[in-house]
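Notes follow once the structure below has been shown.
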Amino acid sequence: MTLHLDPGLQREIQEEVNAQYRSPSHFQTKLDRVNLYLPVVERVLREEGVPEDFKFLVIQESSLISDAVSTSNAVGFWQFKQATAEEVLLRVDQEVDERKNIVSATRGAASYLKKHQRYLDNWAITLVSYQMGLGGANNYYKGRHKGERTMDLDRKTYWYLKKFLAHKIAFEPQLGQVVSNGDYLHEYPVKGPTDLKTLAKSLGVSENHLREYNTWASKGRIPGDRTYVVTYLLNGIVPNRPILVSETPQATNEGLAPSRQNAGGFPRISGNLSNARQPREIKINGIRGILANSSDQRRLAAQAGISERKLRRSNDLKPSDPVQAGRYYYTRRKKSKGEPEEHIAQPGETLWEISQLYGIRLHSLMAKNRLYRDEQLLPGMVLRLRKYYKKNEPIRRVKLTPAPQRLPAAKQAAVPVKAAPSVETPPKTTRPSPDPEPSAPASLVVHLVQPGDTLYAISRKYGVTVADLKSWNQIGSDNILSVGQKLEIRK
């Protein structure tokens with residue numbers, strides 16, 4: 001929607017914005033909570049088909065304090081009263097209060113808003129109805145503005161909408177920053193029955209920490225009636241967010257569209273290519289980058305003149321991920337969209353590789369396609385780089401021309417590098433794999449590196465030597481393996 005604000009309303013909203021900034025320390029405290037929780041809120045709103053701007057409403061309602069209680073006894077992130085919470089299927093009893101669970105409560109709020117929108121057909125009026133109820137909004141506006149996509153607002157605008165606009169204006173420029181202490185909110189789906197004490201041991205965090213960030217589990221117990229999302233803090237770059245299986249887009253091999261080619265020429269390297277190893281000399285897909293001299297994150301960061309944290313954030317790397325000399329890496333943050341509309345997934349590709357290829361942030365690529373693990377990525381999937389797949393919209397696939405498969409460069413390089421043709425023998429998993437090339441050698445298999453794998457353990461499993469493993473896969477003297485890396489085994 002487009003909202004036109006007259007000068008009087010602009011001044012009034014600006015006063016509210018200024019009030020938000022008046023205490024820098026108070027604003028920073030709130031901003032840390034905003035940048036901690038809003039990635040989760042944004043994702044749920046997108047999945048539910050609610051405009052993403054409604055994320056500013058949760059700041060207005062509770063300042064993102066999980067156990068906030070209003071004078072009217074509304075509770076939690078989205079300030080639900082018990083009857084309304086139960087209406088949107090949130091569990092509220094002595095054991096569980098999902099109003100205090102950021103994932104469940106956001107999904108409940110989205111359900112509530114969509115119900116009102118179906119009747120009011122105006123998202124601005126629907127927002128007002130969140131405070132005064134569907135009947136109240138209907139009586140207040142008496143059907144005016146129904147179906148409108150443009151509204152002229154003045155100082156007589158209902159106070160709740162004015163306050164919302166002030167929150168949007170105050171916080172929108174500040175979004176996407178790293179929380180001041182470098183933490184992010186990790187989501188962990190759990191199907192009980194279990195308890196936070198047991199879970200804390202398996203996750204390697206304290207029970208008190210889990211209790212602090214999961215106040216919805218009132219007695220520290222997680223029942224077995226449904227899957228609940230447990231949240232806790234980790235430090236570093238946001239990893240692949242686990243999601244419920246029901247949220248994964250479905251794709252089958254039936255009725256595949258004819259094959260077509262991906263856009264060529266990516267990644268686009270421009271600038272002074274002869275000085276590509278120097279800072280600020282080249283761009284990768286229009287973003288500052290550098291050609292790596294080193295296979296060490298610390299040295300590469302020093303070469304680029306940036307911090308290690310910025311290097312990792314710019315390339316969606318974890319602290320344990322290796323880098324590779326002779327590869328291109330970004331030194332500025334990637335974009336939320338790629339230049340082409342779509343990319344067709346090739347055998348052996350990873351989500352990270354595709355994100356580096358087009359200069360799109362990994363979490364943006366995942367959210368657009370509702371894919372959060374490489375195991376969900378199937379050859380021929382048509383991944384969207386600019387728009388989002390809607391909830392329950394099946395992800396499209398196309399036929400791929402049979403060709404020898406390649407082993408991907410694991411999370412080491414910004415530019416995928418082709419390897420010798422090989423036939424993948426996938427690990428035991430539900431992920432479908434393309435038929436192998438008939439002419440490929442039957443003695444060649446591929447091992448997918450799992451957490452805890454070592455070169456010695458893998459060599460024992462396949463009856464080969466460590467030296468052969470390193471030779472076949474160009475592994476250096478540091479013996480570094482990455483989870484998800486594919487190792488060629490020539491038995």
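Here, residue 1 is the first one in the sequence, and each next residue gets the next number.
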Quick one: ring pair (Phe, Tyr, Trp, His ring centres under 6.0 Å) partners of Phe164, sequence neighbours excluded? none
Could you tell me if the ring centre of Trp216 sits under 6.0 Å from that of Tyr228? yes
Atom pairs and distances, donor-acceptor, side-chain atoms in residues 134-143, under 3.5 Å, two or more places apart:
| unit_1 | atom_1 | unit_2 | atom_2 | d |
| --- | --- | --- | --- | --- |
| Asn139 | ND2 | Gly135 | O | 3.2 |
| Lys142 | NZ | Asn139 | O | 3.2 |

Whether the side chain of Asp374 engages the backbone of Leu351 through a donor-acceptor N/O pair (distance < 3.5 Å, no angle test) should be reported. yes
Is it true that a side-chain atom of Asp316 and a backbone atom of Arg361 form a donor plus acceptor pair closer than 3.5 Å? no
So, does Asn214 use its side chain to make a donor-acceptor pair with the main chain of Ala217 at under 3.5 Å? no
List for me each residue that meets salt bridge (charged side-chain N to carboxylate O under 4.0 Å, His left out) alongside Glu52, sequence neighbours excluded, and say none if there are none. Arg46, Lys55
Selection residues 38-65 - residue pairs positive for ring pair (Phe, Tyr, Trp, His ring centres under 6.0 Å), sequence neighbours left out: Phe54-Trp123
Check for a donor-acceptor pair, side chain of Trp352 on one end and backbone N or O of Asn315 on the other, with a separation under 3.5 Å. yes
Tell me, please, which residues at least two apart from Lys191 pass salt bridge (charged side-chain N to carboxylate O under 4.0 Å, His left out). none
So CZ of Arg155 and CD1 of Ile13: to nearest 0.5 Å the spacing works out to 11.0 Å
Under the side-chain hydrogen bond (donor to acceptor under 3.5 Å, both in side chains) test, residues paired with Asp67 that sit two or more places apart: none
Within the 6.0 Å centroid threshold, strictly below: Phe171 and Phe27: yes
Roughly how far, to the nearest 0.5 Å, is the CG atom of Asp6 from the NZ atom of Lys156? 10.5 Å
Within the distance-only criterion (no hydrogens, no angle test), does the side chain of Gln346 pair as donor or acceptor with the backbone N or O of Ile344 below 3.5 angstrom? yes
Can you find a heavy atom in the side chain of Leu371 that is under 4.5 Å from one in the side chain of Met366? no
Arg33 side chain vs Ile65 backbone, donor-acceptor pair below 3.5 Å: no
Return yes if some donor-acceptor pair links the side-chain N/O of Arg386 with the main-chain N/O of Gly338 below 3.5 Å, else return no. yes
Kindly say whether Tyr213 contributes a backbone atom to a donor-acceptor pair with the side chain of Thr231 at under 3.5 angstrom? yes
Only one of Glu98, Arg99, Arg91 passes side-chain hydrogen bond (donor to acceptor under 3.5 Å, both in side chains) with Ser104; say which it is. Glu98
